[in-house]
Amino acid sequence: MSSTFTIEELNSGLIYRLFSGAIAPRPIAWVSTISAAGIANLAPFSFFNVASVDPPVLAFSPLLNAEGVAKHTLSNLKEVGECIIHIGGESLVSPLNDSSASLPAEADEFEHAGLTKASLGDLRVPRVLEAPIAFGCRLHDIVHFGNRPMAGNLVLAEVVVIHAEPKIWDGRYVNNDTLRPVGRMAGSDYARTTDLFALKRPG
């Protein structure tokens, strides 16, 4: 079996499996949005990271599904232009997973996952009360990579307000022993951040 492939030799399902298995662990953006009709949505995304610090911009990428249909998160962002990106931590991984269920547009993932809504600044979007860190954002841009199944839609969300519980962030450092962040691996696997090592950066 060859160890080098052109993209044309691999279908999107195989590429997804390779990406999700090799590019890991991945942080998880737990994203709440709201439709123009006022229906809240909550979903996790593991194609997620920091895009910029000044201005503060976070990036996550909802994929189109196998039929080429966009997730409700993407539709809501186009309608309202706001989202809240939560960092759940290990204590919330069960409701986070529950919120990944494929529900109809009129369903409310907060209710489905047994979570409480709270306000954040003057955003219309509700935050997850139980989540210790929440970044309230306004939409900066969406980069679409086509309309084929599994195509990505890179959301650039500019942070305008932050909720961070004192037990997690003291104003300078994040207490990871308390937050206990988790990452996504391939398939159904998650990763903990309890086995760490440090390397001094060269000058």
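Computed from heavy atoms alone, side chains included, the values below leave out hydrogens, waters and symmetry copies.
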Apply side-chain contact (heavy atoms from CB on, under 4.5 Å) to I87 and F48, showing your working.
-> CA-CA 11 Å; I87 306 299; F48 163 55; 4.0 Å; yes
Let me know which of I84, V125, L77, N41 forms a side-chain contact (heavy atoms from CB on, under 4.5 Å) with I34.
-> V125
Can you name the nearest heavy-atom pair linking K117 to A40, along with the distance?
-> CE-CB, 4.0 Å
In Å and rounded to the nearest 0.5 Å, what is the CG to CG distance from N76 to L139?
-> 12.0 Å
T33 vs V80 side-chain heavy atoms within contact, under 4.5 Å | no
Are V50 and I168 connected in a single hydrophobic cluster, I mean Ile/Leu/Val/Met/Phe/Trp/Tyr linked by side-chain heavy atoms less than 4.5 Å apart?
-> yes
For the pair E130 (side chain) and L115 (backbone), establish whether a donor and an acceptor sit closer than 3.5 Å, ignoring hydrogens and angles.
-> no
Any chain of hydrophobic side-chain contacts (each under 4.5 Å) joining I162 to V160?
-> no
Got a second to check how far L42's CG is from C83's SG, nearest 0.5 Å?
-> 11.5 Å
What are the two closest non-hydrogen atoms of L120 and R127, and how far apart are they?
-> CB-CD, 4.0 Å
Establish whether I28 and V93 are linked, either directly or via other cluster members, by ILVMFWY side-chain heavy-atom contacts under 4.5 Å.
-> yes
Side-chain (E90) to main-chain (V182) donor-acceptor, under 3.5 angstrom = no
Give a yes or no answer on whether the side chain of E109 reaches the backbone of S99 with a donor-acceptor pair at less than 3.5 Å.
-> no
Give the C-alpha distance, both sets of side-chain angles, the deciding distance and a yes or no for side-chain contact (heavy atoms from CB on, under 4.5 Å) between L96 and Y190.
-> CA-CA 12 Å; L96 182 148; Y190 288 76; 4.1 Å; yes
Hey, quick one: are I23 and F5 part of the same hydrophobic cluster, counting side-chain heavy atoms closer than 4.5 Å, chains of contacts allowed?
-> yes
In sequence, state the C-alpha distance, the side-chain angles, and the governing distance for I142 and K78, and then conclude on side-chain contact (heavy atoms from CB on, under 4.5 Å).
-> CA-CA 9 Å; I142 302 176; K78 291 178 179 180; 4.1 Å; yes
Classify the ring geometry between W30 and H86 as parallel (under 30°), tilted (30 to 60°) or perpendicular (over 60°).
-> perpendicular
Has N97 got more than 12 heavy atoms of other residues, nucleotides or ligands less than 6.0 Å from its CG?
-> yes
Gap separating the CG atom of L199 from the CZ atom of R201, nearest 0.5 angstrom | 11.5 Å
All heavy atoms of A24 vs all of M185, minimum pair found to be CB-SD, 3.7 Å
Heavy atoms only: give me the nearest L129-E165 pair and the separation to one decimal.
-> O-OE2, 4.4 Å
Cluster check Y173, F135: I/L/V/M/F/W/Y, side chain < 4.5 angstrom = no
Taking R26 for its side chain and G183 for its backbone only, find out whether a donor-acceptor pair lies under 3.5 Å.
-> no
To the nearest 0.5 Å, what is the distance between CD (E67) and CE (M150)?
-> 11.0 Å
What is the minimum heavy-atom distance between N175 and D177, and which atoms define it?
-> OD1-N, 3.0 Å
Measure from the side-chain N and O atoms of R184 to the backbone N and O of D189, and report whether any donor-acceptor pair falls under 3.5 Å.
-> yes
Taking all non-hydrogen atoms of both residues into account, name the closest pair between P126 and F110 and its distance.
-> O-CZ, 3.7 Å
Is the backbone of L179 close enough, under 3.5 Å, to the side chain of N176 for a donor and an acceptor to pair up by distance?
-> no
Hey, is CZ on F145 packed in by over 12 heavy atoms from elsewhere, all under 6.0 Å?
-> yes
Could you tell me the separation between the CD atom of E82 and the CG atom of D122, rounded to the nearest 0.5 Å?
-> 7.5 Å
Would you indicate whether the side-chain heavy atoms of F45 and P62 approach each other to under 4.5 Å?
-> yes
Candidate pair L64 and R148, rule side-chain contact (heavy atoms from CB on, under 4.5 Å), full reasoning = CA-CA 7 Å; L64 302 183; R148 294 183 297 191; over 6 Å; no
To the nearest 0.5 Å, how far apart are CZ in R180 and CG in L92?
-> 9.5 Å
